[in-house]
Amino acid sequence: MKHFIQSFAILALAGLLSACATPPSVDYSAYRESRPASILILPPLNQTPDIKASYGMLAQMSYPLAESGYYVLPVALVDETFRQNGLDNAADIHEVAPAKLREIFGADAALYVTVTQYGATYTIFDSSVKVQANAKLVDLRSGTLLWSGSAFATDQASNNNGGGLIGVLVSAAVKQIVNNLSDTSYPVAGIASAQLLTAGRQNGVLHGPRSPEFGKD
């Protein structure tokens with residue numbers, strides 16, 4: 001009886017872990033009804049210590065959306081328009097009413113992004129680059145939330161122990177210096193952007209009207 005209870009408990013725990021590992025499904029009903037064709041990408045909020053995080057992500061989010069079938073307003077032009085109107089802070093820009101954004105830019109929807117992790121993390125034995133971001137797509141005509149998602153990417157590089165413990169420690173320190181001196185987070189941010197905004201992924205954005213896959217999601 002005792003072994004039966006233990007086995008049952010293990011199976012129940014395994015089932016629970018499996019359920020937790022399955023991403024919740026996204027309700028696309030409002031998204032499909034909205035059918036946005038043009039997207040305005042707002043400067044991302046930066047919740048990391050790295051000042052390059054916001055523009056590191058912003059520079060790479062247009063491509064996956066365009067490839068997914070949307071017209072994306074040029075981010076440089078959008079950024080300059082905000083500056084000309086006295087808005088150069090992402091937090092203030094995110095507070096602008098959807099109707100006002102629609103009036104200024106004429107886009108169907110706006111993408112709000114928050115960068116929660118960006119840069120190199122140093123441990124005793126390694127240094128890795130990690131980028132994480134959350135996003136939501138909002139209909140500028142109604143203010144309705146159409147979609148939300150998140151993505152995480154890392155360089156996944158690790159030190160080998162070919163040089164022994166001292167070699168590992170030295171390699172990790174050198175790698176951290178290189179990561180800090182060069183913007184090694186930028187290509188990782190590109191991977192995160194692709195994961196976040198490429199259509200066809202599980203719980204990702206839908207294909208836009210410019211894609212031959214439009215309406216087939």
Side-chain angles (χ1 to χ4, degrees), residues 26-119 131-153 185-186 189-190 192-199 201 203-211 214:
V26 174
D27 182 2
Y28 287 104
S29 54
Y31 198 154
R32 292 193 176 97
E33 183 178 352
S34 173
R35 300 168 67 91
S38 56
I39 295 179
L40 166 70
I41 301 177
L42 302 182
L45 289 175
N46 182 14
Q47 295 182 347
T48 79
D50 196 322
I51 60 174
K52 300 186 296 295
S54 182
Y55 285 97
M57 284 292 294
L58 180 63
Q60 303 184 80
M61 292 189 295
S62 296
Y63 180 78
L65 281 176
E67 286 293 298
S68 296
Y70 297 96
Y71 171 72
V72 183
L73 276 70
V75 293
L77 178 61
V78 170
D79 189 55
E80 182 59 27
T81 301
F82 281 127
R83 291 182 185 276
Q84 291 294 330
N85 286 274
L87 292 171
D88 56 6
N89 181 281
D92 294 335
I93 293 172
H94 282 223
E95 292 298 320
V96 177
K100 189 64 176 179
L101 293 175
R102 169 76 173 173
E103 178 186 335
I104 296 172
F105 297 102
D108 296 330
L111 186 72
Y112 297 74
V113 177
T114 300
V115 185
T116 57
Q117 193 169 5
Y118 189 98
V131 175
Q132 185 169 7
N134 305 318
K136 62 180 182 179
L137 188 66
V138 175
D139 190 318
L140 294 181
R141 297 161 292 192
S142 64
T144 303
L145 175 65
L146 304 180
W147 168 86
S148 64
S150 62
F152 171 81
S185 299
Y186 186 80
S193 296
Q195 291 178 354
L196 186 63
L197 301 173
T198 299
R201 294 177 176 271
N203 293 343
V205 298
L206 301 179
H207 287 93
R210 294 168 177 255
S211 169
F214 178 61

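What you see below is based on every heavy atom in this structure, not just the backbone, and it leaves out hydrogens, waters and symmetry mates. What you see is a predicted model, and the numbers here were worked out from it, not measured in a lab.
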- Consider only side-chain N and O atoms of Ser29 and Asp27, and report whether a donor and an acceptor are under 3.5 Å apart. yes

- Message: With a 4.0 Å cut-off on N to O distance, would you call Glu80 and Arg83 a salt bridge?
- Response: no

- Item | Side-chain touch Tyr31/Val26, heavy atoms, less than 4.5 angstrom | no

- Item | Check: Gln132 and Thr48 side chains under 4.5 Å, non-hydrogen atoms | no

- Run the numbers on Asp79 and Tyr55 for side-chain contact (heavy atoms from CB on, under 4.5 Å), then give the verdict. CA-CA 10 Å; Asp79 189 55; Tyr55 285 97; 3.0 Å; yes

- Query: Within a strict 4.5 Å, meaning less than it, do heavy atoms of the Leu111 and Leu65 side chains meet?
  - Reply: yes

- Message: Please check if the number of heavy atoms outside Tyr63 that lie under 6.0 Å from its OH is greater than 12.
- Response: no

- Please confirm whether the backbone N or O of Leu87 pairs with a side-chain atom of Asn85, one donor and one acceptor, at under 3.5 Å? no

- So with a 6.0 Å cut-off around CZ of Arg201, is the heavy-atom count from everything else above 12? yes

- Step by step, would you call Arg102 with Asp108 a side-chain contact (heavy atoms from CB on, under 4.5 Å)? CA-CA 7 Å; Arg102 169 76 173 173; Asp108 296 330; 3.0 Å; yes

- So, does Ser211 use its side chain to make a donor-acceptor pair with the main chain of Gly69 at under 3.5 Å? no

- Message: Other residues, nucleotides and ligands only: do more than 12 of their heavy atoms fall within 6.0 Å of CD1 on Ile51?
- Response: no

- Task: Find the distance between CG (Leu101) and OG1 (Thr81) and round it off to the nearest 0.5 Å.
- Result: 11.5 Å

- Message: As a quick check of understanding, evaluate side-chain contact (heavy atoms from CB on, under 4.5 Å) for Ser62 and Ile41, giving each step before the final call.
- Response: CA-CA 8 Å; Ser62 296; Ile41 301 177; 3.8 Å; yes

- Query: About how many Å separate OG of Ser148 and CG of Leu137, when rounded to the nearest 0.5 Å?
  - Reply: 10.0 Å

- Query: Are the side chains of Tyr70 and Leu206 in touch, meaning some heavy atoms are under 4.5 Å apart?
  - Reply: yes

- Evaluate side-chain contact (heavy atoms from CB on, under 4.5 Å) for Tyr186 paired with Gln60, printing each intermediate quantity in order. CA-CA 9 Å; Tyr186 186 80; Gln60 303 184 80; 3.5 Å; yes

- Message: Would you compute the distance between atom CG of Leu45 and atom OG1 of Thr116 and round it to the nearest 0.5 angstrom?
- Response: 11.0 Å

- Query: So, Glu67 side chain and Ala194 main chain: donor-acceptor pair closer than 3.5 Å or not?
  - Reply: no

- Query: Tell me, do Phe82 and Asp92 make a side-chain contact under 4.5 Å, heavy atoms counted?
  - Reply: no

- Does the side chain of Ile104 reach to within under 4.5 Å of the side chain of Leu40, using non-hydrogen atoms? no

